[in-house]
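Chain A is the first sequence line, chain B the second, and so forth, proteins listed ahead of strands; every chain is numbered from 1.
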2 protein chains.
Amino acid sequence: MLTPPSDTHPEKGVVTQLRAYLAQSDLAEDGRLPPERELASALGVSRAELRKALDVLEAEGQLWRHVGKGTFMGSRPLDTFADIAALARRSNPAEVMRARIAMEPEITRAAAFTATPADISEMRLCLARSRQAETWRQYEGWDTRLHRTIAEATQNSLLLGLFDTLNAVRRAVTWGRLRSVPVRPLPSHHSFAEHEAIVDAIEHRDMAGAASAMRAHLMTVERKLMEKQMRAAGEG
Amino acid sequence: MLTPPSDTHPEKGVVTQLRAYLAQSDLAEDGRLPPERELASALGVSRAELRKALDVLEAEGQLWRHVGKGTFMGSRPLDTFADIAALARRSNPAEVMRARIAMEPEITRAAAFTATPADISEMRLCLARSRQAETWRQYEGWDTRLHRTIAEATQNSLLLGLFDTLNAVRRAVTWGRLRSVPVRPLPSHHSFAEHEAIVDAIEHRDMAGAASAMRAHLMTVERKLMEKQMRAAGEG
DNA sequence: AATATAAACCAAAGATAAATTGGTATCCAA
DNA sequence: TTGGATACCAATTTATCTTTGGTTTATATT
């Protein structure tokens, strides 16, 4: 306790010096401040010392840092992983199904209110083509198109965009053994009747009915998927 | 009509030659076929002639092309405008509100099933802070965080990603005169009680109640927005 | 005159290399 | 032991080059 306070705690001085700098200097639009090396020499302190001061301000929540990006004023922006690939990497089939069950019934409800006759006739076309499908791959194509036509029928580009994102993640997610074998879908396939019920409800402007029909359909899909998973686990 | 048919319509021959090539050659996983310059020399025809044949197949929908990418078999993938900026450009406040009303109640329903006590206490924190907000900007911050905490509570990274996308578009969309003036929100602000009802329902694991409380809240927000629009139109 | 061919050029998209930046370890001196 | 300078690392961005479908132009060819 012999040395003067101003010298025993020089880093505090750096903190106040840094605060003054940030207060007077008008930063860029994104609040980015100069790289550590520049700032250190500009303030006439060592980089290590500057970093200590930055640590303090970061702990206070006044700024945030990221390697390769830089140091920024304000609070860290919420990391919105809107990237399809990143989403697919973090997600899994169960999450995809729960998300579909949450989103698509409400999209269907909205579509029942806004669908045009042209939309509905395209849905019917998809239904017919999916019945005639020779391969499972063809069936999947018409099934996907039916669901997207319903999303288009909402006349809401934002809902359509969200649906597309969900769909892209669904395609990108790793399904492993859950994938179906490439045999032709049987006429008794559960989806046929369920799809028809959905389109019927949309055509009758039955919003509640359309939503619940879509929900029932997706829950059946989820159940079939889980049953398949159980069988696969039993075999292995 | 003096020249033999096989010479007067050489491009038809190229089309069939191309069809044969596509049938026998097994393309890459993504259905991409070699660049035009290679393919032309491989088939022994000029690039212009090959392009005519490709035009035919493209018109038939057998393949699709894109500058810088290449030429691909099959139907063009649906252009998924997952890009935030593009979505915001095509959308508008009305669409954003309808999308929120479609999505967020179902997210809330899921959250009521999966939320942890930690999630719920964070929601309560957001509620308290939003009540203490000194400025409208601060209130918005806590309001946004409350809604995102609910989305996080679903424990579904895909649903959270979709919510983030929706939220990003909401921030990016041009609201024009609908934007609120920066005065302090009054204690009687409708959102306070509505937010509380939502969190209460989540805490009691009342899925239906949570969904309907969120729906009621968002519909109030939408109604207030439209009323404001009406007043603005009357003034102008 | 009409058409095909070759070459050159363009803009979009992808692939690769180089530079930047926050984070960390090491060595030296006070 | 502490502080400072240096070197190095991995994440990220930026710049550069290459590839690719689309277009134009000049030149043969018939």
side-chain N/O Arg47(A) vs dA5(D) OP1/OP2, d < 4.0 Å: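 It does not, given that no N or O in the side chain of Arg47(A) lies less than 4.0 Å from OP1 or OP2 of dA5(D).
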
Any Arg65(B) side-chain nitrogen or oxygen under 4.0 Å from OP1 or OP2 of dG22(D):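 For dG22(D), OP1 or OP2 has a side-chain N or O of Arg65(B) closer than 4.0 Å.
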
Nearest-Å distance for atom pair [atom1]/[atom2], residues [X] and [N]:
X        : N       : atom1 : atom2 : value
Asp55(B) : dG22(D) : CG    : P     : 8 Å
Trp64(B) : dG21(D) : CH2   : P     : 11 Å
Glu49(A) : dT2(D)  : CD    : P     : 15 Å
Lys52(B) : dA6(C)  : NZ    : P     : 13 Å
Arg51(B) : dT20(D) : CZ    : C1'   : 10 Å

Are any protein N/O atoms closer than 3.5 Å to N/O atoms in nucleotides 11-17 of chain D? If there are, list each pair with its distance.
residue, atom, partner, partner atom, Å
dT12(D), OP1, His66(A), NE2, 3.4

Closest non-hydrogen atom pair between Thr154(A) and Ala110(A), with its separation: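 Taking every non-hydrogen atom into account, CG2-CB, 4.1 Å.
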
Nearest atoms (heavy-atom pairs only) where Leu166(B) meets Ala99(B):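 For Leu166(B) and Ala99(B), the tightest heavy-atom pair comes out as CD1-CB, 4.0 Å.
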
Quick one: [atom1] on [X] to [atom2] on [Y], what's the gap to the nearest 0.5 Å?
X         : Y         : atom1 : atom2 : value
Cys126(A) : Arg145(A) : SG    : CZ    : 5.0 Å
His147(A) : Leu218(A) : NE2   : CG    : 6.0 Å
Asn156(A) : Thr114(A) : CG    : OG1   : 8.5 Å
Glu95(B)  : Arg100(B) : CD    : CZ    : 15.0 Å
Phe163(B) : Ile107(B) : CZ    : CD1   : 6.5 Å
Trp142(B) : Arg131(B) : CH2   : CZ    : 14.5 Å

Please tabulate the protein-to-nucleotide N/O contacts below 3.5 Å involving nucleotides 25-30 of chain C, giving atom names and distances.
none

Pairing residues for Arg37(B) by the side-chain hydrogen bond (donor to acceptor under 3.5 Å, both in side chains) criterion, not counting sequence neighbours: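 Once residues adjacent in sequence are excluded, Arg37(B) has no partner under the side-chain hydrogen bond (donor to acceptor under 3.5 Å, both in side chains) criterion.
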
Set of side-chain hydrogen bond (donor to acceptor under 3.5 Å, both in side chains) partners for Ser121(B), sequence neighbours left out: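 Listed in chain order: nothing, the list is empty.
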
Contacting residues from residues 36-46 of chain B, given that a heavy atom lies under 4.0 angstrom of DNA chain D: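 Glu36(B), Arg37(B), in order of number.
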
Enumerate all atom pairs, one protein N or O and one N or O from nucleotides 25-27 of chain D, separated by less than 3.5 Å.
none

Any donor-acceptor pair under 3.5 Å from Gln17(A) side chain to Leu43(A) backbone: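 Such a contact is found between Gln17(A) side chain and Leu43(A) backbone.
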
Asp119(B) side chain to Thr116(B) backbone, donor-acceptor under 3.5 Å: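 The answer is yes, because a donor-acceptor pair under 3.5 Å joins these two groups.
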
Ile150(A) and Ile198(A), any side-chain heavy atoms less than 4.5 Å apart: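 The answer is yes, as the side chains (C-beta and beyond) meet within the 4.5 Å cut-off.
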
Out of dT24(C), dT21(C), dA8(C), whichever nucleotide has its closest atom nearest the side chain of Pro35(A):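 The answer is dT21(C).
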
Side chain of Thr71(A) (C-beta onward), nearest among dT5(C), dG22(C), dG22(D):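 Within the option list, the nearest is dG22(C).
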
